[in-house]
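Being a predicted model, the structure only gives us computed values, none of them experimental. Counting convention: from 1, in listed order, for ligands and their atoms alike. What you see below is based on every heavy atom in this structure, not just the backbone, and it leaves out hydrogens, waters and symmetry mates. We count residues from 1, following the sequence as given.
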Amino acid sequence: LIIIFICQFLLWYRRKEKSVNLQNNFIRSHENQKDYIDQRGIHVVVGHYIGDSVDSLKIPNITKDVINQNLFNPLPFEGKNGEPVVIHPKDFYKMQQLYQINRFNLMASDKIPLNRSLPDVRKKKCISRYANLGNLPKTSIIIVFHNEAWSTLLRTVHSVINRSPKELLEEIILVDDNSEREFLKNSLDDYVKNLSVPTRVLRSNERIGLIKARLLGANDAKGEVLTFLDAHCECTIGWLEPLLEVVSKNATRIVAPVIDIINDNTFSYTRSFELHWGAFNWDLHFRWLTLNGRLLKERRDNIVEPFRTPAMAGGLFSMNRDYFFKLGSYDDQMRIWGGENLELSFRAWQCGGSIEIAPCSHVGHLFRKSSPYTFPGGVGDILYGNLARVALVWMDQWAEFYFKFNPEAARLRYKQQIRSRLALREKLQCKSFEWYLENVWPEHFFPTDDRFFGRIVHAETKKCIMRPAAKGSYGQPSGNAVLHSCIPRPMLSQMFVMTKNGVIMTDESVCLDAPERDMQQKTPKTKVILHVPSEMCLQATTNDDTLTIAACTKNLDQQWILEPVPWK
Ligand code: LR7
Ligand code: MN
């Protein structure tokens with residue numbers, strides 16, 4: 001025990017000594033900073049100290065000052081191979097303060113080298129599948145940012161450079177959407193001059209939002225392919241080739257990687273599911289859903305091939321540059337954040353293109369629980385204004401469904417100038433939203449003319465079935481459906497769809513589940529809801545409003561009324 005203690009003390013002492021030297025060098029002159037080889041022999045990129053790193057902060061609350069300070073964090077060496085960063089309890093208070101700046105653990109991020117290693121999370125088969133590729137087109141990488149932290153932004157850039165074949169990178173374009181932080185100005189311009197891939201920073205002198213910022217980048221890009229990334233990503237080995245292969249085979253194919261998870265507290269890297277696809281709920285919020293049984297079976301033999309998805313998450317994808325513009329680039333009247341991912345997804349599918357996910361391409365994204373930046377004009381008006389545009393231009397009669405149950409969006413619908421986008425839809429001779437639902441997403445849970453849509457009312461108590469509420473910003477509802485008094489104004493959480501063959505669904509928990517299979521209504525007249533695999537009936541426990549399945553009886557607690565609600 002004693003020996004261990006002494007060894008640790010010595011190590012700590014040497015580390016401390018080393019960092020003091022480096023710090024002195026740094027303070028004396030900017031040019032003196034040198035990359036170094038850490039204790040494990042890993043080359044560590046320094047220079048990340050220009051930014052908002054954490055050492056020597058003593059200010060109790062965050063001020064502009066804190067955010068802009070030129071600070072210095074000695075020898076970042078944690079987070080190797082995507083492992084979590086551990087913060088010493090003595091630093092917790094400072095850590096929490098710093099967390100508020102970007103709504104992620106900046107102290108942890110600043111302890112990780114800009115070029116940290118990550119595990120190869122691909123399936124083994126991916127390596128041979130992409131071993132001998134012919135000529136692939138070059139891509140421009142476009143990263144837009146607003147007040148991003150130095151370490152996350154530059155770790156994105158270094159991960160692109162280190163894990164992409166050089167000959168496939170035309171350039172890296174950083175688009176600064178009017179950030180206020182000092183270190184994102186001259187220091188960033190200087191820093192990118194020394195990178196081994198041509199990198200430049202474009203700047204907007206007013207806040208234009210991520211959609212217009214991406215347009216700024218795209219208009220300036222020279223590559224045959226455009227690849228967009230958020231400003232807090234980390235690309236893993238082999239991420240780029242699968243994307244470029246898809247685009248090179250057919251310019252109308254738009255492709256996204258599997259989006260892995262960088263934890264906002266520890267910065268650990270977690271591989272995400274490969275068999276999820278992107279879709280959206282009745283509120284037009286993006287959702288990951290598991291592939292249906294048919295697709296899963298189809299894919300059993302070709303797990304490495306790209307597959308089609310109804311929608312993309314939005315931040316990470318590649319597409320042919322000429323096709324990007326031919327397809328109408330982005331709706332430049334969308335503001336700040338939100339909705340552009342669905343807009344591009346609908347537009348691509350309805351106008352002859354496709355959206356796909358390449359399961360061999362893995363890129364990490366830092367998921368946050370809330371947004372750190374301002375939404376000029378209010379987050380509601382921005383998001384629902386954008387979504388109102390999506391609905392009005394692309395969703396036909398389902399726009400009415402959206403507005404009926406989303407008063408915030410409905411309030412903004414008449415403010416939208418959408419003529420030029422409707423003209424684009426006309427010019428490209430795009431198909432209807434009905435076609436999209438039937439062909440791209442046949443297992444969708446939206447109401448249609450041949451489905452029941454409305455409330456399921458308990459015959460005995462006259463209460464409604466209600467699904468659990470959503471939690472958090474990426475949150476999906478979890479928990480059990482319950483009985484709840486019927487809310488006079490129709491609410492989506494009390495609405496259900498029943499398909500032609502009697503399967504009852506909602507948008508979120510997808511099926512009224514018990515928990516294995518779909519609930520089906522046997523014959524509408526008996527008003528019994530049968531759980532087909534168990535041959536049991538849906539029953540309400542009236543004293544605590546819970547739902548169960550039980551052997552079928554003729555009792556009133558198993559009787560249900562399907563009460564249709566007009567949906568458009
Ligand atoms: O005003 C702004 N200007 C910007 O330049 C606001 C944001 N931005 C930048 C920002 O710095 C970041 O680099 O735009 C990028 C995206 O903003 P985030 O990271 O705050 O967005 P997000 O990751 O929470 O949101 C997802 O949905 C957005 C809807 O507009 C965008 O499509 C994001 O790109 C998208 N992110 C992803 O798809 C990553 C995976 C998430 C999932 C699921
Ligand atoms: Mn993001």
Output yes when the distance from some N or O of ligand 1 to some N or O of [X] is under 3.5 Å, and no in every other case.
X: V144; answer: yes
X: R207; answer: yes
X: G339; answer: no
X: W288; answer: no
X: G338; answer: yes

| Where the Mn ion (ligand 2) is the centre, what is the OD2-to-NE2 angle for D230 and H365, rounded to 10°? |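 It is 90°, given to the nearest 10°.
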| query | According to the side-chain hydrogen bond (donor to acceptor under 3.5 Å, both in side chains) rule, which pairs have a member within residues 343-353, sequence neighbours left out? | reply | E343-R347, E343-W394, E343-R421
| Applying side-chain hydrogen bond (donor to acceptor under 3.5 Å, both in side chains), which residue pairs with at least one partner in residues 194-206 are found, sequence neighbours left out? | K166-S196, E171-R200, D176-R203, D189-R203, R200-D220
Between [Y] and [X], is there a salt bridge with N-O shorter than 4.0 Å?
X: E78; Y: R116; result: no
X: R214; Y: E340; result: yes
X: R122; Y: E274; result: no
X: D396; Y: R425; result: yes

| message | Whether the D283 and Y402 side chains hold a donor-acceptor pair (N or O, under 3.5 Å, no angle test) is what I'd like checked. | response |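 Checked: D283/Y402 side chains show no N/O donor-acceptor pair below 3.5 Å.
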Can you list the ligand 1 atoms lying under 4.0 Å from a non-hydrogen atom of [X]?
X: L316; result: 39 (C)
X: I336; result: 1 (O), 2 (C), 6 (C)
X: D177; result: 1 (O), 2 (C), 3 (N), 4 (C), 5 (O)
X: A313; result: 32 (O), 38 (O), 42 (C), 43 (C)
X: I259; result: 40 (C)

| said: Considering G278, A149, S179, G315 one by one, which has a heavy atom nearer to atom 37 (C) of ligand 1 than any of the others? | reply: G315
| message | Regarding atom 6 (C) of ligand 1: of the candidates Y373, W337, F317, which has the closest heavy atom? | response |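 When every heavy atom of Y373, W337, F317 is considered, Y373 comes closest to atom 6 (C) of ligand 1.
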| query | Looking at the Mn ion (ligand 2), is one of the N, O or S atoms of H232 less than 2.8 Å from it? | reply | yes
| field | Separation between CG of N265 and CG of N263, rounded to the nearest 0.5 Å | value |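 CG of N263 is found 5.5 Å from CG of N265.
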| request: Applying side-chain contact (heavy atoms from CB on, under 4.5 Å), run through F375 and L383 and close with a yes or a no. | output: CA-CA 9 Å; F375 286 75; L383 179 62; over 6 Å; no
